[in-house]
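To start, the structure itself, in structure tokens.
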Amino acid sequence: MTDGRRTALITAFEPFGGREKNAAEEALRRLAGQVGETFPLRLEQRVLPVEADAAAQQLCAAIDEVQPAYVVCLGEATRGEICLERIGYNERRYPMPDNTGRQFDGDPIREDGPESYTATLPLDAMLEAMQATGVPVRLSDDAGRYLCNEALYTCLDHIAQRGLPVRAGFIHVPRVPGPDSPDGGSLPTEDVVRALIAGLTALAEC
């Protein structure tokens, strides 16, 4: 029996590129301990592999299993601010191999799929709420062409193909501060989580 709250499926990726941490996974795990039964959304969390095809398959399976009202995918990027991604592109152009060694140079994600999909989350409302926390947040039209973009495109394609009443999007978060983080390209996990909670709260109110 559910508690009456709408469900949001929140995903993140495992570490990749030989590093021990993924900022998105760190934020996802911290998020679980920051919200409780009074939070306006019930959160279902999944960690996806950094593997072509497998990540998409697990994401789509989770959508079908959880049947959420919202899907918010998280990923890590070398940027100095949190980015709310607006567009997922039908293209695989991996700058590095995935965790199984596979790499692509311009292949489509779905051969007969549309060129792009637009995120369906209320990004303007989420942006305003997240910026109010003092954490740097902006909109973005470039989710890259690695697994993050693939997750966004695949998620929106899965929802569109099945006519599901689900709103979905992707959020890039900067790396965790540390020796392998570029200058100006990292944020403490607690700042990321604070902004995410504000964005999810705004999402629940839309």
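Residues: numbered from 1 along the sequence shown. Quick caveat: nothing in here was measured; it's all calculated off a predicted structure.
Ile10 and Val135 fall within the same hydrophobic cluster, defined by Ile, Leu, Val, Met, Phe, Trp and Tyr side-chain heavy atoms under 4.5 Å apart, directly or through other members. Phe13 and Leu74 are not part of a single hydrophobic cluster, where members link through side-chain heavy atoms under 4.5 Å apart. Residues Val66 and Leu31 fall into different hydrophobic clusters, defined by Ile, Leu, Val, Met, Phe, Trp and Tyr side chains chained together at heavy-atom separations under 4.5 Å. Leu127 and Leu152 fall into different hydrophobic clusters, where Ile, Leu, Val, Met, Phe, Trp and Tyr are joined by side-chain heavy atoms under 4.5 Å apart, directly or via other members. Hydrophobic clustering of Ile, Leu, Val, Met, Phe, Trp and Tyr side chains at less than 4.5 Å, counting indirect connections, keeps Leu28 apart from Leu9.
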Apply side chain to side chain contact (heavy atoms under 4.5 Å, CB included) to Ile109 and Glu91, showing your working. CA-CA 5 Å; Ile109 296 170; Glu91 183 181 21; 5.9 Å; no
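For the pair Leu84 and Met130, the minimum side-chain heavy-atom distance is below 4.5 Å. Side-chain atoms of Glu150 and Tyr94, non-hydrogen and from C-beta on, do get closer than 4.5 Å to each other. Two residues are said to be in side-chain contact when any heavy atoms from C-beta on lie closer than 4.5 Å; Cys73 and Ile171 fail this criterion. Taking 4.5 Å as the limit, some side-chain heavy atom of Pro174 sits within range of a side-chain heavy atom of Ile82. Residues Leu187 and Pro177 have side chains not in contact (no heavy-atom distance under 4.5 Å, counting atoms from C-beta outward). Counting heavy atoms from C-beta on, the side chains of Tyr89 and Pro108 never come closer than 4.5 Å.
Sequence neighbours left out, the pairs with a member in residues 110-123 that pass side chain to side chain donor-acceptor pair (under 3.5 Å) are Arg110-Asp112, Arg110-Asp157, Tyr117-Asp157.
To the nearest 0.5 Å, atoms CZ (Arg145) and CG (Asn90) are separated by 10.0 Å.
Closest heavy-atom contact between Cys155 and Ile63: SG-CD1, 3.8 Å. The two residues Leu147 and Ala55 come nearest to each other via the heavy atoms CD1-CB, 3.9 Å. Annotation for Ala168 and Ile159: closest pair CB-CD1, 3.7 Å, computed over non-hydrogen atoms. Nearest heavy atoms, Gly169 versus Ala119: CA-CB, 4.0 Å. Closest heavy-atom contact between Ser140 and Glu85: OG-OE1, 2.8 Å. Shown here for Gln67 and Asp64, the closest heavy-atom pair between the two residues is CG-O, 3.4 Å.
Remark: Asp98 engages no residue in a salt bridge (Lys or Arg N to Asp or Glu O under 4.0 Å) (not counting sequence neighbours). For Arg138, the salt bridge (Lys or Arg N to Asp or Glu O under 4.0 Å) test picks out Glu81, with sequence neighbours left out. Looking at residues two or more places apart in sequence or on another chain, you find a side chain to side chain donor-acceptor pair (under 3.5 Å) between Thr7 and Arg42. By the side-chain contact (heavy atoms from CB on, under 4.5 Å) test, Asp124 pairs with Leu139, sequence neighbours left out. Arg162 pairs by the side chain to side chain donor-acceptor pair (under 3.5 Å) definition with His158, not counting sequence neighbours. Residues satisfying the salt bridge (Lys or Arg N to Asp or Glu O under 4.0 Å) test with Glu25, not counting sequence neighbours, are Arg29. Applying the ring-ring contact (aromatic ring centres under 6.0 Å, His included) test to Phe16 and every residue at least two apart in sequence or in another chain returns Tyr146. A search for ring-ring contact (aromatic ring centres under 6.0 Å, His included) contacts involving Phe170 returns His172, not counting sequence neighbours. Under the side chain to side chain donor-acceptor pair (under 3.5 Å) criterion, Asp141 pairs with Arg86, sequence neighbours left out.
The closest side-chain donor-acceptor pair between Arg6 and Tyr70 falls under 3.5 angstrom.
Using a distance-only test at 3.5 Å, with no hydrogens or angles considered, a donor-acceptor pair links the side chain of Asn22 to the main chain of Glu14.
Looking at Glu76 and Arg19, a side-chain N of the basic residue comes within less than 4.0 Å of a carboxylate O on the acidic one, giving a salt bridge.
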Please tabulate, for the side chains in residues 45-53, all donor-acceptor contacts under 3.5 angstrom to protein atoms that are two or more places apart in sequence or on a different chain.
residue	atom	partner	partner atom	Å
Arg46	NH1	Glu44	OE1	3.3
Arg46	NH2	Glu65	OE1	3.4
Arg46	NH2	Glu65	OE2	3.2
Asp53	OD1	Arg92	NH2	2.7
Asp53	OD2	Arg102	NH1	2.8
Asp53	OD2	Arg102	NH2	3.4

Would you be so kind as to tabulate the donor-acceptor pairs closer than 3.5 Å made by side chains of residues 191-206, with sequence neighbours excluded?
residue	atom	partner	partner atom	Å
Asp191	OD1	Arg194	NH1	3.1
Thr201	OG1	Ile197	O	2.8

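For Glu190, the CD atom sits in a packed shell: over 12 heavy atoms of surrounding residues, nucleotides or ligands are nearer than 6.0 Å.
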